[in-house]
Amino acid sequence: MSRAVTGIGDWTDRAGLTKVQDELLAGTLAAAAASPFYQRRRDGVPVNRAELADYPLTGKDDLRDAYPFGMLAVDRSRLATYHESSGSTGTPTASYYTAADWTDLIDRYSRMRVGIRATDTFLVRTPYALMLTGHVAHAAALANGATVVPADNRSMATPYAKVVKLLKDLDVTLTWSLPTETLVWAAAAGRAGLRPGRDFPALRALLVAGEPLSPARRDRIGRLWNAPVVQEYGASETGGLAGECRYGNLHLWADRAIFEVYDPATGRISAEGSGELVVTPLCREAMPLLRYHIGDRVEVTFPDCPCGWALPVVRVLGRFEAGGGITQVGLEQVVFGLPDEYGVLFWRARHSGPELLIQIEVDDTYRAAAIAVLHGAVGTAYDIECRVEALPLVPERVLTAAPEVMKPRSLFTAGEDWDRALRYY
């Protein structure tokens, strides 16, 4: 089943967007009819959009129960890649893609507003291995002619000090990472006697995804590196789901998927509002998903964005709430509201009963001021008893460690460490 690639300039109103979705939905439902999982579901597979609207959600537990190939809708000989989630809760979720699926993955990733150019040196600092994120960035960069630096963040061969060296020595122009990574690089650069905003002049953008990002932290990263921070949003099971326009709004790729918002308190599902994201990818052969409940807390709106896109705008709030309306994004917005000169890059918090404990890493020069200002700001934002502590949060060795690489070896001399003799790391 081939899918035509639809450019983001092919529609500028919601009616046109709905037409694009409907044209692709027929192929999606046909693909789902070949999936063992959906064949076993009640009443089979929907045949049109009206029936899809009443179809039960597909959850992560469904994917775990179907591990590894219960969701597969094509012959295994057609698969291009196989991926898994981290499996931190036990059984992982599997996902798989055909060559045609990869065409769509690469196209969506390549939509980022700063573009990927043949002149770019692109440092990929997200996991490779079984996860999807590093492979998508790598493939999209190659497809656009860029030079890829595969600096996998799960490898001891590229600790933070090595990443800083690569950024500088190779004149890296684009990076792909978690937002937090960019702050750790900045701290590691400082330990090396470098200033992020001055000593990396080739860097033209930092591409980030993988965790909630408040406007305040985004702006802080941008000022720190003197480069724009461009946010993307997606999942291993679906690939990229949203990207920024030139006005900084995060638009859902609604020409490639149907998005809904599920309210867990009422069970109501709508096209916009606050709740948990539900997605039906529309360009998926190997693993069609119908009304997949990702679980991320979001706010979806249809504003009149100056960019002219009819695409909905999403705010991703994460999955964890500590109670009392305290979310990571909300609290992060307060923390990164501290003056830049305080130098606060790292923080953590724990909500326990009536008290919120926040710990920050701050230079001794601004210790008292940072504690006082943050204490007052959190109290104003949340009307809760707050205690702020200042202490080191990122160990020095993390910022300065040299690469550690070893191939399997069996013969050693006296005094050598041979405890990891047969490992390759």
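Predicted, not measured: the structure shown is a model, and the values here were computed from it.
Thr158 places a side-chain N or O within donor-acceptor distance of the main-chain N or O of Asp152, the cut-off being under 3.5 Å. Looking at Asp13, its side chain never comes within 3.5 Å of a backbone N or O of Ala310 through a donor-acceptor pair. Formation of a donor-acceptor pair under 3.5 Å by the Glu332 side chain with backbone atoms of Ser214 is found in this model. Between the Glu244 side chain and the Gln231 main chain, a donor and an acceptor come within less than 3.5 Å of each other. No donor-acceptor pair under 3.5 Å is formed between the side chain of Gln328 and the backbone N or O of Pro212. In this structure a side-chain-to-backbone donor-acceptor pair under 3.5 Å is present from His375 to Cys386. Panel note: side chain Asp75, backbone Ser77; a donor-acceptor pair is recorded below 3.5 Å. With hydrogens and angles disregarded, no donor-acceptor distance shorter than 3.5 Å links the side chain of Asp62 to the backbone of Thr58. Looking only at distances, a side-chain donor or acceptor of Arg291 sits under 3.5 Å from a matching main-chain atom of Ala53. Side chain of Gln333 to main chain of Ala216: a donor-acceptor pair is present (N/O by atom type, distance under 3.5 Å, no hydrogens or angles).
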**Request:** Could you go through the side chain to side chain contact (heavy atoms under 4.5 Å, CB included) check for Tyr109 and Leu207 one step at a time?
**Result:** CA-CA 11 Å; Tyr109 189 90; Leu207 314 176; 4.2 Å; yes
**Message:** Please determine whether side-chain hydrogen bond (donor to acceptor under 3.5 Å, both in side chains) holds for the pair Thr182 and Trp225, giving the CA-CA distance in whole Å, both sets of side-chain angles, and the decisive distance to 0.1 Å.
**Reply:** CA-CA 9 Å; Thr182 67; Trp225 285 97; 4.7 Å; no
**Request:** Assess whether salt bridge (charged side-chain N to carboxylate O under 4.0 Å, His left out) is satisfied between Arg78 and Glu285, documenting all intermediate values.
**Result:** CA-CA 10 Å; Arg78 295 190 55 207; Glu285 291 185 326; 3.0 Å; yes
**Request:** Could you please spell out the steps behind the side chain to side chain contact (heavy atoms under 4.5 Å, CB included) verdict for Leu250 and Arg315?
**Result:** CA-CA 7 Å; Leu250 190 61; Arg315 287 186 62 228; over 6 Å; no
**Message:** For Lys19 and Asp22: C-alpha separation, side-chain torsions, deciding distance, then whether salt bridge (charged side-chain N to carboxylate O under 4.0 Å, His left out) applies.
**Reply:** CA-CA 5 Å; Lys19 181 180 178 182; Asp22 287 344; over 6 Å; no
**Message:** Does Leu63 form a side chain to side chain contact (heavy atoms under 4.5 Å, CB included) with Met71? I'd like the steps, not just the answer.
**Reply:** CA-CA 7 Å; Leu63 269 59; Met71 307 294 295; 4.2 Å; yes
**Request:** Give the intermediate values and the outcome of ring-ring contact (aromatic ring centres under 6.0 Å, His included) for residues Tyr292 and Phe259.
**Result:** CA-CA 9 Å; Tyr292 178 53; Phe259 295 96; over 10 Å; no
**Message:** For a side chain to side chain contact (heavy atoms under 4.5 Å, CB included) check, start with the C-alpha distance between Thr93 and Glu84, then their side-chain angles and the critical distance, and finish with the verdict.
**Reply:** CA-CA 6 Å; Thr93 59; Glu84 290 185 3; over 6 Å; no
**Prompt:** Between Arg387 and Glu385, does a salt bridge (charged side-chain N to carboxylate O under 4.0 Å, His left out) hold up when you go through it step by step?
**Reply:** CA-CA 7 Å; Arg387 179 159 54 98; Glu385 183 61 33; over 6 Å; no
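The salt bridge (charged side-chain N to carboxylate O under 4.0 Å, His left out) search around Lys165 returns Asp169, not counting sequence neighbours. Shown here are the salt bridge (charged side-chain N to carboxylate O under 4.0 Å, His left out) partners of Glu211, two or more places apart in sequence or in another chain: Arg217. Evaluation of the salt bridge (charged side-chain N to carboxylate O under 4.0 Å, His left out) rule for Glu23 yields no partner, not counting sequence neighbours.
Side-chain contact between Cys245 and Trp309 is present, with at least one heavy-atom pair separated by less than 4.5 Å. By the 4.5 Å heavy-atom criterion applied to side chains, Ile106 and Ser110 are counted as neighbours. Counting heavy atoms from C-beta on, the side chains of Thr327 and Leu317 never come closer than 4.5 Å. At a threshold of 4.5 Å between non-hydrogen side-chain atoms, the residues Leu290 and Pro46 count as touching. Considering only heavy atoms from C-beta on, His251 stays 4.5 Å or farther from Arg111 through its side chain. Here the side chains of Ile221 and Pro179 are in contact, with some heavy-atom distance below 4.5 Å. The side-chain heavy atoms of Leu331 and Val378, taken from C-beta on, include a pair separated by under 4.5 Å. Using a 4.5 Å heavy-atom cutoff, the side chains of Leu178 and Thr126 are not in contact.
A cation-pi arrangement is present between Arg14 and Phe302 under the rule of less than 6.0 angstrom and at most 45 degrees off the ring axis. The side-chain tip of Arg284 points at the ring of Tyr97 from less than 6.0 angstrom away and within 45° of straight on.
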Donor-acceptor contacts, no H, no angles, side chain residues 390-403, under 3.5 Å, sequence neighbours left out:
residue	atom	partner	partner atom	Å
Glu396	OE1	Arg191	NE	2.8
Glu396	OE2	Arg191	NE	3.4
Thr400	OG1	Glu396	O	3.0

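Note that CG of Leu183 is 11.0 Å distant from CD of Glu361, once rounded to the nearest 0.5 Å. Going from atom CG of Leu24 over to atom SG of Cys283 covers 4.5 Å, rounded to the nearest 0.5 Å. Atoms CD1 and CD1, on Ile360 and Ile371 in that order, are 6.0 Å from each other to the nearest 0.5 Å. Atom CG of Leu132 is separated from atom OG of Ser85 by 11.5 Å, given to the nearest 0.5 angstrom. Once rounded to the nearest 0.5 Å, the distance linking OH of Tyr82 with CZ of Arg76 reads 9.0 Å. Rounded to the nearest 0.5 Å, atoms CG (Leu338) and CG (Leu345) are 11.0 Å apart.
Aromatic rings of His83 and Tyr96 (six-membered ring for Trp) have centroids beyond the 6.0 Å cut-off, not under it. A ring-centre distance under 6.0 Å is not found for Tyr342 and Phe336. For an aromatic pair to be called close, the ring centres must be under 6.0 Å apart, and Phe122 with Trp176 fails this.
Residues Glu355 and Arg350 are not paired through a salt bridge, judged by the lack of any N-O separation under 4.0 Å between the basic side chain and the carboxylate.
A pairwise comparison of heavy atoms in Gly222 and Val229 identifies N-CG2, 3.6 Å as the closest pair.
Under the 3.5 Å distance criterion, with hydrogens and angles disregarded, a donor-acceptor pair is assigned to the side chains of Arg49 and Gln21.
Here salt bridge (charged side-chain N to carboxylate O under 4.0 Å, His left out) pairs that include residues 131-143, with residues two or more places apart or in two chains, number zero. The stretch residues 120-145 participates, sequence neighbours left out, in these salt bridge (charged side-chain N to carboxylate O under 4.0 Å, His left out) pairs: Asp120-Arg204, Arg125-Glu181.
Note: Tyr38 and Tyr55 have tilted aromatic rings, judged against thresholds of 30 and 60 degrees for the angle between ring planes.
Arg223 CZ: more than 12 foreign heavy atoms inside a 6.0 Å radius.
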